[in-house]
Protein chains: 4
Amino acid sequence: MKHMTNVARAASWKTASSRSERSERIRSALLSAAAEVVGEVGYAEASVTMITQRAGVGQGTFYNYFKSRQDLLDSLLPDLGEQMLDYVRDEAVGGSGFRDLEEKSFRAFFGFLKSTPQFPRILNEAESFAPAGFQKHLDNVSKRYIRFLQRSMKNGELQDYSEGELEVVAYMLMAARSYLSQRYMSPDGRSVELPRLAADAYMKFVLYGLVGRPPEEK
Amino acid sequence: MKHMTNVARAASWKTASSRSERSERIRSALLSAAAEVVGEVGYAEASVTMITQRAGVGQGTFYNYFKSRQDLLDSLLPDLGEQMLDYVRDEAVGGSGFRDLEEKSFRAFFGFLKSTPQFPRILNEAESFAPAGFQKHLDNVSKRYIRFLQRSMKNGELQDYSEGELEVVAYMLMAARSYLSQRYMSPDGRSVELPRLAADAYMKFVLYGLVGRPPEEK
Amino acid sequence: MKHMTNVARAASWKTASSRSERSERIRSALLSAAAEVVGEVGYAEASVTMITQRAGVGQGTFYNYFKSRQDLLDSLLPDLGEQMLDYVRDEAVGGSGFRDLEEKSFRAFFGFLKSTPQFPRILNEAESFAPAGFQKHLDNVSKRYIRFLQRSMKNGELQDYSEGELEVVAYMLMAARSYLSQRYMSPDGRSVELPRLAADAYMKFVLYGLVGRPPEEK
Amino acid sequence: MKHMTNVARAASWKTASSRSERSERIRSALLSAAAEVVGEVGYAEASVTMITQRAGVGQGTFYNYFKSRQDLLDSLLPDLGEQMLDYVRDEAVGGSGFRDLEEKSFRAFFGFLKSTPQFPRILNEAESFAPAGFQKHLDNVSKRYIRFLQRSMKNGELQDYSEGELEVVAYMLMAARSYLSQRYMSPDGRSVELPRLAADAYMKFVLYGLVGRPPEEK
DNA sequence: AATGAATGAGCTTTCATTCAT
DNA sequence: AATGAATGAAAGCTCATTCAT
């Protein structure tokens, strides 16, 4: 699926078998199309017409699946956000210890962006255009992050931080991922390439900041 | 003046004396009005009508001062950004040493938000809606930040970071300010109140991360 | 149909059966409405609102049929011009000889104006407001005219004129039709009544000028 | 005066001596500027701003000299029309006989266009945009033309035409001048160059048509 | 269920005119 | 008398949404 063209993927519902599966595929095609369009032109400029054309369905069809344009926009980030979290979880599985897991998931995040370079823009604009979805996403991610930090702390891997402080730190690290992904976005918005230097600096700062020790030489 | 209502402040040009002063005040009223409106409803929804009504001038007047709606939007962040930098510079003046200066300017940033709570949203959306202005602002701020970090490093106050790494760290800290300001925005978007805990956690993380030592007890 | 009011005619699409027929009727209603409006107030004042109201459709509907206001204006003269040429051809059919054909088509032109009194104004203004359409129309008409003159010349009916001269003469005769139609337009612009005297004078001048003999008594 | 640049001519009021002369010059500068502007962009697009800028006076000044934009537009053609008639009269003076006078004045008309190539467009559009001025102009010109034709007739130089017929013919010849001037306008609208062929064809047709004899060899 | 044409609210922008200086 | 900034009416156009097919 990864290498089908966008349109082909979008229109894949045409081969659906059962009625409900077809339905599911159209909905998904609309979401994918919306992700692409919003990634390219932003929420404000993403019109229903553009989205339905990209998805290969009629304009009116849109309203069989979403109550309104805003309804879809609200679904966009939560949908993508879960994909992102699933991806990162899968990639980081089997890691051990704070340092290893943090690095794996940091890299996995940027790995995810290779297939979904629209994500940073969608995330950034969602705060204004789909605030509910944005909050939901932030909660999801921060909760997971905080749990991870707390576990690491219980294992004695981190400096002494209170639970409230860990929440703040979690936000700072999410912020860092977000800013760095935008910072290293290609000008056309179609790919993100994080330089090794940036990844190293991130890890160095985080390890000093949380563990209190510099990264070990590899 | 600080506590006049927005509209009253905006319409203060009516008392202007000379013609050029009046002109200056209207331009400034339009920019202030735009900052308020964009802060409330975002770039995309900020219409010329809303802005001129808020500023207390006729619709057509807008185009005596700005070539187009986009022209004003492009001026918005650079304008506010300079105000912010001026404010922070004034507040941090007289501080000494990395720890002191960093803390002073961190707090000053949030102090600035008390008078301009629209800033975080404007900054965030500018990336999409006024990209040129956004880049300009980011360059301004990051350059100043990096210089500050380099100076601190020369003074032997920081761990060993390369110049390139310092740039990455600067971005991470700008990101942290941005995210935290949004995290602690009141739901109505009209004020930012950074809890002591958050400020402490920030300083703790930064000091561990950069200096390698925990914050001294005050 | 001829005597339905403008609005009623325009709104006749409401009784259309198939979808594509309905489409065709709306497009045609818009063109008719535009012809009327332009005939009354001129190109410059013919607003999309006026045209759609006259056609009995919503404003937005306009843009389902024409890319822009200018797009419709550009279609106006070519559209009417063909109607005019068709009408004149039909009326002049069966005539024989230069004198007969010229007179028949001259009268047919003014006959056409009975049903489309807006034509002279549209033609006149098109030069400024729809130059492409104007050129197209002039080419169509002049080519036909020149061919007719050349045929008459080959038949030995005319004085000796070179091909280039015939083109100039064709322009002069088109000019005459245009000016005379404007000269004898009723003050309200709603009808053209060419006096017998004018038609006679035209024919007399043309016959002397081209044939070299006065019109025969009828 | 003929060779001053437009702007210089327009602003020549600055050197005026008496108050009323200055006044007169500004009014005249506005009319000249309007002629240029309308010649270039047409009545519909000729804004007060463009005209005052071209004339070198402030925008507000306009309304000290004309009641409204339309007021000036209405004055435009009568003003230019008189200049044209004066010019043609001067050039044709001393001619003798219909043939000579007609040819002289025909050529003089095109001579006038060399210095005022805006004339055809202004004349053409005036019918729609300044109908009163247009009628006035047409009356002026046609009356003169008819008088000329009647005089020639009394001298036995023309075929037998009734007075009413002469009026129609006069219109036809005015139409011819107008169409030919537009036909041979350069694409940029800045000059008119009538080819010898066209002038010859015109004279040939007119002489056959009115005199009944071909042009004599020169 | 899928469609796409019809719709009007609402946008940005222009410009003739007014009026305080 | 000359000015140019202020103004709002009115324009062309877009697009989310509805609805008949």
Side-chain angles (χ1 to χ4, degrees), chain A residues 13 19-20 22-23 26 44-53 56-73, chain B residues 13-14 17-20 22-23 26-27 44-52 56-72, chain C residues 13-14 17-20 22-23 26-27 44-52 56-72, chain D residues 13 19-20 22-23 26 44-53 56-73:
Chain A
W13 56 265
R19 189 175 293 194
S20 73
R22 177 189 160 98
S23 214
I26 292 185
E45 300 285 305
S47 70
V48 172
T49 304
M50 289 173 83
I51 293 169
T52 51
Q53 271 178 0
V57 301
Q59 208 186 163
T61 305
F62 185 93
Y63 291 88
N64 294 331
Y65 293 87
F66 297 95
K67 225 177 63 239
S68 68
R69 174 178 176 270
Q70 189 61 44
D71 183 24
L72 176 147
L73 296 186
Chain B
W13 56 264
K14 288 187 178 166
S17 44
S18 84
R19 210 185 269 200
S20 72
R22 176 190 161 101
S23 213
I26 293 186
R27 192 190 153 84
E45 301 285 309
S47 70
V48 172
T49 304
M50 290 173 81
I51 293 169
T52 51
V57 302
Q59 268 222 82
T61 304
F62 185 93
Y63 293 91
N64 293 333
Y65 292 88
F66 298 94
K67 231 176 58 242
S68 67
R69 175 179 176 269
Q70 189 61 44
D71 182 25
L72 176 148
Chain C
W13 56 263
K14 288 188 176 164
S17 42
S18 83
R19 210 184 268 199
S20 72
R22 175 189 162 103
S23 212
I26 292 186
R27 193 191 153 85
E45 301 285 307
S47 69
V48 172
T49 303
M50 290 172 83
I51 293 168
T52 51
V57 302
Q59 267 219 82
T61 304
F62 185 93
Y63 294 91
N64 293 333
Y65 292 88
F66 299 95
K67 229 175 60 244
S68 67
R69 175 181 175 269
Q70 189 60 45
D71 182 25
L72 176 148
Chain D
W13 55 265
R19 190 175 292 193
S20 73
R22 176 191 161 96
S23 215
I26 294 186
E45 301 285 306
S47 69
V48 172
T49 304
M50 288 172 83
I51 293 169
T52 51
Q53 272 179 0
V57 303
Q59 209 186 161
T61 304
F62 185 94
Y63 291 88
N64 294 331
Y65 293 86
F66 298 93
K67 226 178 63 239
S68 66
R69 175 178 176 269
Q70 188 61 43
D71 183 23
L72 176 147
L73 297 187

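Predicted model only: the values in this text are computed from it and were never measured. Hydrogens, waters and symmetry mates play no part in the numbers below; they use all other heavy atoms, side chains included. In the text below, chain A, chain B and the rest are named by the order of the sequence lines, each starting its count at 1.
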Tell me the partner of [N], counting only Watson-Crick (N1-N3 plus N6-O4 or O6-N4) or G-U wobble (N1-O2 and O6-N3) with both under 3.5 Å; none if nothing fits.
| N | answer |
| --- | --- |
| E/dT21 | F/dA2 |
| E/dA16 | F/dT7 |
| E/dC11 | F/dG12 |

Return the value, rounded to whole Å, for the distance between atom [atom1] of [X] and atom [atom2] of [N].
| X | N | atom1 | atom2 | answer |
| --- | --- | --- | --- | --- |
| D/I26 | F/dA1 | CD1 | C1' | 8 Å |
| A/L73 | F/dC15 | CG | P | 14 Å |
| C/F62 | E/dT7 | CZ | P | 14 Å |
| D/Q53 | E/dC15 | CD | P | 12 Å |
| A/Q70 | F/dC15 | CD | P | 16 Å |
| A/Q59 | E/dA5 | CD | C1' | 9 Å |
| B/I51 | E/dT12 | CD1 | P | 8 Å |
| D/F66 | F/dA1 | CZ | C1' | 16 Å |

Can you identify which nucleotide, out of [options], has its nearest atom closest to the [X] side chain?
| X | options | result |
| --- | --- | --- |
| B/T61 | E/dA6, F/dA2, F/dT7 | F/dT7 |
| A/Y65 | E/dT14, F/dT17, E/dA1 | E/dA1 |
| A/Y63 | E/dT12, F/dT14, F/dT17 | F/dT17 |

Notebook entry, point to check: Looking only at heavy atoms, which two atoms of D/S23 and D/Y65 are closest? And how far apart?
Noted result: O-CE2, 3.3 Å

Margin query: Any side-chain to backbone donor/acceptor pair from C/R27 onto C/R22? Under 3.5 Å, distance only.
Written below: no

Next item on the list: Answer yes or no: does atom CD of C/E45 have more than 12 heavy-atom neighbours from other residues, nucleotides or ligands under 6.0 Å?
Entry: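 Not buried by this count: 12 neighbours or fewer within 6.0 Å.
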
Margin query: Does E/dA20 have its OP1 or OP2 closer than 4.0 Å to a side-chain nitrogen or oxygen of B/R22?
Written below: no

Margin query: Using OP1 and OP2 only, check whether a side-chain N or O of D/S47 sits under 4.0 Å from E/dC15.
Written below: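 So the side-chain polar atoms of D/S47 never come under 4.0 Å of the phosphate oxygens OP1 or OP2 of E/dC15.
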
Checklist line | Heavy-atom check, side chain of D/F62 versus side chain of D/V57, under 4.5 Å | finding: no

Notebook entry, point to check: Considering only heavy atoms from C-beta outward, does the side chain of C/I26 approach that of C/T61 to under 4.5 Å?
Noted result: yes

Margin query: Judged by each residue's nearest nucleotide on DNA chain E, which is more toward the 5′ side, D/A44 or B/R69?
Written below: B/R69

Notebook entry, point to check: With nearest nucleotides of DNA chain E determined for A/G58 and D/K67 from heavy-atom distances, which residue corresponds to the more 5′ nucleotide?
Noted result: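 Closest to the 5' end, via its nearest nucleotide, is A/G58.
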
Notebook entry, point to check: In terms of the nearest nucleotide of DNA chain F, which residue is placed more toward the 5' end: C/M50 or B/N64?
Noted result: B/N64

